[in-house]
Amino acid sequence: MELIIAAKGSKYLVQDKKSRLLYTVKKKGFGAGHYNLMDASNYLLYTLVQSEDERKPSFSIILNDDTFLKMECKSLFLDPTITAEGKNMNYSIASKDRKNFDIIFNDTVVGHIKTKVSVSGDLQYDLDIENTAFDDYIPLFAVAIDKAFGSMNKQK
């Protein structure tokens with residue numbers, strides 16, 4: 001499955017290769033980093049919550065008011081990696097250059113996220129993942145990458 005996650009102001013649009021809108025990630029409220037993942041009919045699926053006041057960003061993916069996955073940035077510079085751990089699942093989103101990430105599920109590479117800079121200077125994320133490994137929360141990995149590494153990638 002191939003998806004494109006594009007930042008548009010305070011929200012992210014998730015589209016397939018045919019430019020059909022599948023999901024929207026909208027910032028909730030002011031200040032705090034809460035991002036709601038909604039399907040095409042605006043039904044709330046998951047919420048990504050960014051922890052504040054930390055040198056290395058960390059996140060939680062919330063499902064039905066309960067933490068579904070805990071995400072933590074292990075390194076910002078040397079081997080940039082975000083880990084995501086939940087019940088019976090462990091993801092590692094690893095890179096060498098903060099732009100091209102491998103999605104590793106239980107020690108097996110199941111997908112990739114590539115960072116691109118658009119003409120307007122906004123970042124776009126190309127997500128390519130095996131169909132059997134895809135779930136609705138996967139686009140939030142690109143949002144976490146944007147929040148953790150986006151400002152550094154825009155400066156290059």
Side-chain angles (χ1 to χ4, degrees), residues 1-28 33-50 57-64 66-75 79-154:
M1 173 174 279
E2 294 179 35
L3 300 176
I4 298 166
I5 298 106
K8 300 282 186 200
S10 64
K11 65 182 177 179
Y12 298 85
L13 303 177
V14 182
Q15 299 175 322
D16 63 9
K17 287 192 326 184
K18 297 178 182 175
S19 297
R20 290 181 296 204
L21 182 66
L22 302 178
Y23 303 100
T24 304
V25 181
K26 292 182 183 175
K27 187 170 186 180
K28 179 181 170 184
H34 286 58
Y35 297 88
N36 290 334
L37 174 70
M38 294 176 282
D39 65 10
S41 60
N42 277 337
Y43 180 77
L44 177 63
L45 300 171
Y46 294 92
T47 301
L48 178 74
V49 179
Q50 182 174 357
S58 61
F59 308 90
S60 296
I61 295 179
I62 310 293
L63 172 65
N64 298 330
D66 195 23
T67 299
F68 176 71
L69 277 176
K70 284 196 166 288
M71 300 177 73
E72 185 177 343
C73 184
K74 295 295 183 182
S75 175
D79 295 328
T81 303
I82 297 175
T83 59
E85 297 177 355
K87 191 175 184 177
N88 299 323
M89 56 181 129
N90 291 305
Y91 287 95
S92 183
I93 305 153
S95 176
K96 297 288 183 207
D97 61 1
R98 290 190 308 268
K99 289 188 176 247
N100 298 309
F101 290 83
D102 291 329
I103 301 171
I104 303 162
F105 178 68
N106 294 338
D107 299 322
T108 304
V109 176
V110 295
H112 309 281
I113 298 175
K114 293 183 179 172
T115 306
K116 294 181 178 175
V117 180
S118 70
V119 176
S120 64
D122 290 328
L123 296 177
Q124 173 182 308
Y125 299 90
D126 292 347
L127 171 66
D128 183 11
I129 190 164
E130 295 175 12
N131 289 343
T132 56
F134 181 78
D135 206 327
D136 290 329
Y137 58 84
I138 297 292
L140 290 175
F141 291 177
V143 176
I145 289 170
D146 188 60
K147 294 300 158 197
F149 305 107
S151 60
M152 288 183 268
N153 287 336
K154 282 183 183 179

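Both backbone and side-chain heavy atoms feed into the values below; hydrogens, waters and symmetry mates do not.
- Take Gln124 and apply the side-chain hydrogen bond (donor to acceptor under 3.5 Å, both in side chains) test, not counting sequence neighbours, and it matches Asp126.
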Practice prompt. Output, in order, the C-alpha distance, side-chain angles, deciding distance and verdict of salt bridge (charged side-chain N to carboxylate O under 4.0 Å, His left out) for Glu72 and Lys74.
Written response: CA-CA 6 Å; Glu72 185 177 343; Lys74 295 295 183 182; 3.6 Å; yes
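- For Asp97 (side chain) and Asn100 (main-chain N/O), a donor-acceptor pair under 3.5 Å exists by modelled atom type.
- The heavy-atom pair separating Met38 from Leu44 by the smallest distance is CG-CA, 3.9 Å.
- Relative ring orientation between Tyr137 and Tyr46 is described as perpendicular, the plane-to-plane angle rising above 60° on a 0-90° scale split at 30° and 60°.
- Residues Pro139 and Asp136 approach most closely at CD-O, 3.1 Å, considering heavy atoms.
- Side-chain atoms of Thr132 never come within 3.5 Å of backbone atoms of Glu130 as a donor-acceptor pair (strictly under, hydrogens ignored).
- Of all the heavy atoms in Met71 and Ile82, the pair that sits closest is CE-CG2, 3.8 Å.
- Here the straight-line distance linking atom CG of Leu45 with atom CG of Asn36 works out to 10.0 Å at 0.5 Å rounding.
- The shortest heavy-atom contact between Gly86 and Leu69 is N-CD2, 3.4 Å.
- Residues Asp122 and Lys8 are not paired through a salt bridge, judged by the lack of any N-O separation under 4.0 Å between the basic side chain and the carboxylate.
- Within the 3.5 Å criterion, the main-chain N or O of Asp66 finds no donor-acceptor partner in the side chain of Asn64.
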